[in-house]
Structure formats: C-alpha cells, structure tokens
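If you read the sequence from its start, that first residue is 1, and numbering goes on from there.
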Amino acid sequence: MSGKSWLGGIYLRGRGSDIVLKALNHYRKRVSTVGNDPQLQETAMNLRMLVAEEGKKTAQKVDVVIKIINAGKNDPKMMNQVEFEVPLIEKALNCYKVDIQKIGETMHERYIELFDEPKNLQFDLPLIDEALQEIKKFG
C-alpha cells in the first residue's frame, strides 16, 4: 500500500490474530444471513435478494482472508497478502463490536443467535479497539 512496511501483519502474527479471526468468523455469519435481518423485512423482495446475494459473495471473500491469516501465522510472507484486505477486516471488527453492543442494549434474539457463546463478549470490546488501531499501522 505504501513504501513503508505494514506493522499490522506483525500484530496479526502475534496477539492480534485471535480477535481478528473471531471478528471475521462473526462477520461471515452476519453477511451470509443478512437476508434474514429484521431490518430488511419491510424491504422489497428484489432488494432483499440482492442484499443476500452480495452477503454471500462477501462471506466467500471473508473465508479467503481467514485462510490467509491462518496460513500467515507460520509464513510471514502469506500474512503480507492480508494488507490489501484491511478495509474488510475493519468492517468485520466494527460489525463484531456493534453486534456485541446491540446484545447488551437490546438482547434481541437475532443478535444473540449470531454468537456461539454470547456471554462475556464485552471483554472483547477493548481488544477490538486495539485491533482497529494496530492493523492500520505502518512503520
């Protein structure tokens, strides 16, 4: 992306991969089921189908990023490929954060079902904020 080296890859190879992978897995679930979102129930069927189709495409892209991050834990050169997916990772982290906050505020069943273990998710919030800062660093 720039002439500087991407420090976000070092963060991901270290302590950052766990929270980023959690967020990506959550985001994959979220986008692949976006057609069922209660906010879209009043929307025209054609638009809902289009949104659902785009969600499936995004879920496939997320799968690729997850595989690269997992492979990059052992191969730093692989992790460098993730640099170009920082916007997708940011979306995943933000989605994860917002959905955790929604559970705390509304306890809406739609959001609870998106998490395998909906307890103690608030402990992930500071990790998400750290990840959002660290993945964008260059040095």
Separation between OH of Tyr11 and CH2 of Trp6, rounded to the nearest 0.5 Å: 11.0 Å
Lys56 side, atom NZ; Glu53 side, atom CD - distance, nearest 0.5 Å: 5.5 Å
Going hydrophobic residue to hydrophobic residue with side-chain gaps under 4.5 angstrom, can you get from Val86 over to Tyr96? yes
For a quick test of reading the model, state the closest non-hydrogen atom pair linking Lys137 to Gln133 and the distance between them. CG-O, 3.6 Å
Going from CD1 on Ile66 to NZ on Lys61, what distance comes out if it is rounded to the nearest 0.5 angstrom? 13.5 Å
Considering all heavy atoms, the nearest Leu88-Thr58 contact: CD1-CG2, 4.2 Å
Under 4.5 Å between side-chain heavy atoms, hopping through other hydrophobics if needed: is there a path connecting Ile89 to Ile10? no
Take Arg28 and Gln60 through the test side-chain contact (heavy atoms from CB on, under 4.5 Å) and record every step on the way to the result. CA-CA 8 Å; Arg28 178 182 56 205; Gln60 291 171 345; over 6 Å; no
So if you build clusters from Ile, Leu, Val, Met, Phe, Trp, Tyr with side-chain heavy-atom gaps below 4.5 Å, do Met79 and Leu7 land together? no
To the nearest 0.5 angstrom, please state how far the CG atom of Asn70 sits from the CG atom of Leu21. 5.0 Å
Pairs satisfying salt bridge (charged side-chain N to carboxylate O under 4.0 Å, His left out), at least one member in residues 66-81, at least two apart: none
Could you report the tightest heavy-atom contact between Val31 and Ala59, atom names first, then the distance? CG2-N, 3.7 Å
Step by step, work out the side-chain contact (heavy atoms from CB on, under 4.5 Å) result for Ile135 and Leu93. CA-CA 11 Å; Ile135 62 166; Leu93 287 163; 4.1 Å; yes
Verdict with supporting geometry, Lys22 and Asn25, side-chain contact (heavy atoms from CB on, under 4.5 Å): CA-CA 5 Å; Lys22 264 187 180 180; Asn25 280 310; over 6 Å; no
Ile19 reachable from Leu125 in the ILVMFWY side-chain graph, under 4.5 Å edges: yes
Set of residues satisfying side chain to side chain donor-acceptor pair (under 3.5 Å) with respect to Tyr27, sequence neighbours excluded: none
Closest contact, heavy atoms only, Ile68 versus Gln81: CD1-OE1, 3.7 Å
When rounded to the nearest 0.5 angstrom, what is the spacing between CG in Leu132 and CG in Asn94? 5.0 Å
Between Asp129 and Lys97 the two heavy atoms that sit nearest each other are OD1-NZ, 2.6 Å
Gap separating the CD1 atom of Ile128 from the CD atom of Gln101, nearest 0.5 angstrom: 8.0 Å
What heavy-atom pair brings Val62 and Leu24 nearest, and what distance separates the two atoms? CG1-O, 3.3 Å
Would Leu47 end up clustered with Val34 when hydrophobic side chains under 4.5 Å apart are linked, directly or stepwise? yes
